[in-house]
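For reference, the structure discussed in these notes is given below.
Counting convention: from 1, in listed order, for ligands and their atoms alike. Since the structure is predicted, the reported quantities are computational estimates derived from the model, not experimental observations.
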Amino acid sequence: MKKITIAIDGFSSCGKSTMAKDLAREIGYIYIDSGAMYRAVTLYCLENGLFLADGQIDTGRLEREMDHIRISFRLNPETGRPDTCLNGQNVEDRIRTMEVSARVSPVAALPFVRQALVAQQQEMGREKGIVMDGRDIGTTVFPDAELKVFVTASPEIRARRRYDELKAKGQPADYADILANVKQRDDIDQHRAVSPLRRADDALLLDNGEMSIAEQKEWLLEQYRRIIKE
Ligand code: DC
């Protein structure tokens with residue numbers, strides 16, 4: 001069967017990853033969470049003192065060290081999903097904290113960071129058969145993807161989802177803080193100079209605010225089947 005490239009973009013915490021992972025597993029494709037890659041670079045900055053006392057990033061040092069930041073994915077046999085590794089170390093849980101969420105947008109706005117990660121993402125998708133989710137997958141990483149989806153839901157619904165996710169993991173969570181973070185990230189993601197979050201002209205729009213995970217999964221699978229038949 002022909003293999004295609006599937007690009008899933010949208011706002012933060014709108015369930016893109018869940019949809020994308022489920023679809024990839026169902027159809028035997030590779031799944032890549034591109035946001036995890038920006039998060040891993042942010043964790044590297046936090047753990048190596050690249051955030052200066054005033055909160056700014058030491059961009060000179062980060063640019064010099066970019067070549068030494070290796071991000072890979074390793075299948076977790078327990079969850080059946082890929083875990084993110086930073087220089088060979090499993091950092092899946094550490095990249096999902098509020099601390100990383102609060103710092104990731106400015107890191108993801110740095111042109112040299114985007115250039116390095118986009119190149120890695122394009123290499124991962126060279127042979128197609130990939131589902132990648134993020135912000136600029138349908139516009140910048142894979143502009144020729146056969147299936148592009150742009151996912152959205154209200155900030156309140158997305159904040160509630162992230163709150164429930166953190167609580168379920170036993171991590172500290174405050175709904176008001178999370179909502180503020182969601183809105184702030186929307187704003188930075190949409191207004192940054194390089195690859196801002198925007199719906200590609202040929203992307204299908206999915207507002208999943210009122211949809212269950214099962215409904216989203218079915219909808220996405222239908223789109224995939226339709227494209228494969230064409
Ligand atoms: O999807 P997420 O919340 O894990 O993404 C983390 C951050 O990375 C978010 O602030 C946007 C940024 N990001 C990006 O700029 N481009 C991507 N392709 C994926 C994520």
Do you know which two heavy atoms are closest between [X] and [Y], and how far apart they sit?
| X | Y | result |
| --- | --- | --- |
| Leu197 | Gly10 | CD1-O, 3.7 Å |
| Phe142 | Met132 | CE1-CE, 3.7 Å |
| Thr84 | Ala40 | CG2-CB, 4.3 Å |

Inset, instruction - Tell me which one of Ala108, Ser195, Ser34, Ser12 gets a heavy atom nearest to atom 19 (C) of ligand 1. - result: Ser34
Legend entry - Shortest reach to atom 5 (O) of ligand 1 by a heavy atom, considering only Arg162, Arg103, Arg135, Gln184: Arg135
Legend entry - Main-chain N/O of Asp136 paired to Asp9 side chain as donor or acceptor, under 3.5 Å: yes
Legend entry - Sidechain-backbone polar pair: Lys148 side chain, Gly138 backbone, donor-acceptor under 3.5 Å: yes
Legend entry - Nitrogen or oxygen of Arg185 less than 3.5 angstrom from that of ligand 1: yes
Heavy-atom distances under 4.0 Å are what count here, so tell me which part of [X] touches ligand 1: side chain, backbone, both or neither.
| X | answer |
| --- | --- |
| Asp133 | neither |
| Arg192 | side chain |
| Arg114 | side chain |

Inset, instruction - Please determine if Asp164 and Lys167 form a salt bridge, counting it only when a charged side-chain N lies under 4.0 Å from a carboxylate O. - result: no
Legend entry - Protein contact to atom 4 (O) of ligand 1 [nearest heavy atom, distance to 0.1 Å]: Arg39 NE, 2.7 Å
